[in-house]
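Whatever order the structure lists them in is the order used to number ligands and atoms, beginning at 1.
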Amino acid sequence: MLVLGFQGSPRKKGNTSFLLSTFMQAVEKLGAQTRIIEVAQKNIIPCKEYVVCERKGYCPIDDDIKTEIYPLIRQAEIVVLASPIFFFNMTAQLKAVVDRCQLFWARKYKLRLTDPAKKTKRGFLLSVGASKGKSLFEGLQLTAKYFFDAIDARFEGSLTYREIEGPKDMTKHPEVLADVEKAAADLIGPLLDRKKILFACRENACRSQMAGAFAQYLAGDKFEVLNGGSEPADQVNPDMAKAMHEKGIDMAYRVPQSIESAISDTTPDFIVTMGCGEECPFVPGAQMLDWDLPDPAGKPPDFMRQVRDDIENRVYKLIQKLV
Ligand SMILES: Cc1cc2nc3c(=O)[nH]c(=O)nc-3n(C[C@H](O)[C@H](O)[C@H](O)COP(=O)(O)O)c2cc1C
């Protein structure tokens, strides 16, 4: 399970950085994988309102958002926004990330597509500000609420601290460690006990992607879904993505990965293989299942649809059996 954190302050070792890294250490201790994006260090171009995302579902701007951040937002089950208050909201650097996520808003509300991880995707907010005004975090809370909705994440809560100004003020806060440990446990606790299921094929571009997405969509709250390929492709199969879009499931910005990297930090309880041949993984103790499914890559759209529906059916039955 990946927890993705956005460190929105331009101060490298300031209050927000301390708060976010303390939070990430707490979720790691509980068993999650983490990744922090230092937003001010990235090449992020603010939204230019080309509106291509609303018409065509993608953003034409080439920068780190497109190559790195969109895929990470898709991969993460938990997304944490962390920012100091700058004029009653988040920093401009972090706001640029949020605005570029209009792409996800457009895919959800204009193209009517759903992130397969929607069932478990969660958002959390961390913030600090110098003053003690009652409404200090209101603007930020509202922006965060609509950001999390756009990325199909449920806004779970926030930790916010007033009267934090000098770069080390947060480290001296008497309650922060206890607050963070409790919030981290509340946030990821319900996801920790899930059984892990790995879907593996050759390229992780088509069959195992579809199986993984259906499993997440149908039962992501009961199973942590992993997928990988023995020879991972550079990108998911665009015909597969089209076939899944017909079902309302959004496969954009998913990235094929190797079987080794899918299970490098975790041990699956169940493994379903579909065409990885000699390279299929063996994990001692895991229950194995092999599905005899033809590779639909390069075949006509109807063939892709047939394999898609077959996979959906098999995943549905498997879940019924395992829960
Ligand atoms: C441009 C700018 C705008 C700020 N606006 C506010 C504000 O509206 N309200 C407030 O309480 N603090 C404001 N602050 C203070 C910061 O929120 C505060 O110093 C915070 O602790 C900085 O966190 P950091 O160390 O993570 O950067 C502002 C600071 C800057 C540089």
*Please identify which atoms of ligand 1 are closer than 4.0 Å to at least one heavy atom of V128.*
17 (O), 20 (C), 21 (O), 23 (O)

*Drop me the distance from D169's CG to F18's CZ, to the nearest 0.5 angstrom.*
11.5 Å

*Just going by heavy-atom distances, which of L19, L136, I85 is nearest to atom 6 (C) of ligand 1?*
I85

*Just need the protein heavy atom nearest to atom 22 (C) of ligand 1, so name the residue and atom and give the distance.*
P84 CB, 3.6 Å

*Short list, please: which atoms of ligand 1 are under 4.0 Å from a heavy atom of T16?*
24 (P), 26 (O)

*Please say whether S17 places an N or O atom under 3.5 Å from an N or O atom belonging to ligand 1.*
no

*Check ligand 1 against S131 and write out every atom of the ligand that is under 4.0 Å from a heavy-atom position of the residue.*
10 (C), 11 (O)

*Answer yes if the side chains of S131 and E163 hold a donor-acceptor pair under 3.5 Å, and no otherwise.*
no

*asked:* If I apply the N/O under 3.5 Å rule, does G14 come out as touching ligand 1?
replied: no

Which side-chain N or O atoms in residues 220-230 pair as donor and acceptor under 3.5 Å with protein atoms at least two apart or in another chain?
unit_1: E224; atom_1: OE2; unit_2: M1; atom_2: N; d: 2.6
unit_1: N227; atom_1: OD1; unit_2: N204; atom_2: ND2; d: 3.1

_Tell me whether G129 has any N or O atom under 3.5 angstrom from an N or O of ligand 1._
no

_Residue from F147, F23, F155, F148 passing ring-ring contact (aromatic ring centres under 6.0 Å, His included) with F124_ = F23

*Heavy atoms only: which of A130, A92, G139 is nearest to atom 15 (C) of ligand 1?*
A130

_Protein contact of atom 3 (C) of ligand 1 - nearest heavy atom, named by residue and atom, plus distance_ = F86 CA, 3.5 Å

*Using a strict 4.0 Å cut-off to heavy atoms of I164, name the atoms of ligand 1 that fall inside it.*
18 (C), 19 (O), 20 (C), 21 (O)

*Would you say K182 has more than 12 foreign heavy atoms packed within less than 6.0 Å of its NZ?*
no

*What is the minimum heavy-atom distance between K29 and E181, and which atoms define it?*
NZ-OE2, 3.8 Å

*Using distance alone, with no hydrogens and no angle criterion, decide if D115 and Y253 have a side-chain donor and acceptor under 3.5 Å apart.*
no

*With heavy atoms of F88 as the reference, note each atom of ligand 1 found under 4.0 Å away.*
8 (O)

*Salt bridge or not for E312 and R314, using N-O below 4.0 Å?*
no

_I want to confirm something. Looking only at heavy atoms, which of K13, K168, E165, M170 is nearest to atom 19 (O) of ligand 1?_
E165

*Determine, for D250 against R74, whether the closest basic-nitrogen to carboxylate-oxygen distance falls under 4.0 angstrom.*
yes

*With a 4.0 Å heavy-atom cut-off (strictly under), which part of S9 contacts ligand 1: side chain, backbone, both or neither?*
side chain

*Taking only heavy atoms of F87 into account, list the atoms of ligand 1 that are under 4.0 Å away from them.*
3 (C), 4 (C), 5 (N), 6 (C), 7 (C), 8 (O)

*asked:* Donor-acceptor check, side chain of R162 to backbone of G133, threshold 3.5 angstrom: yes or no?
replied: yes

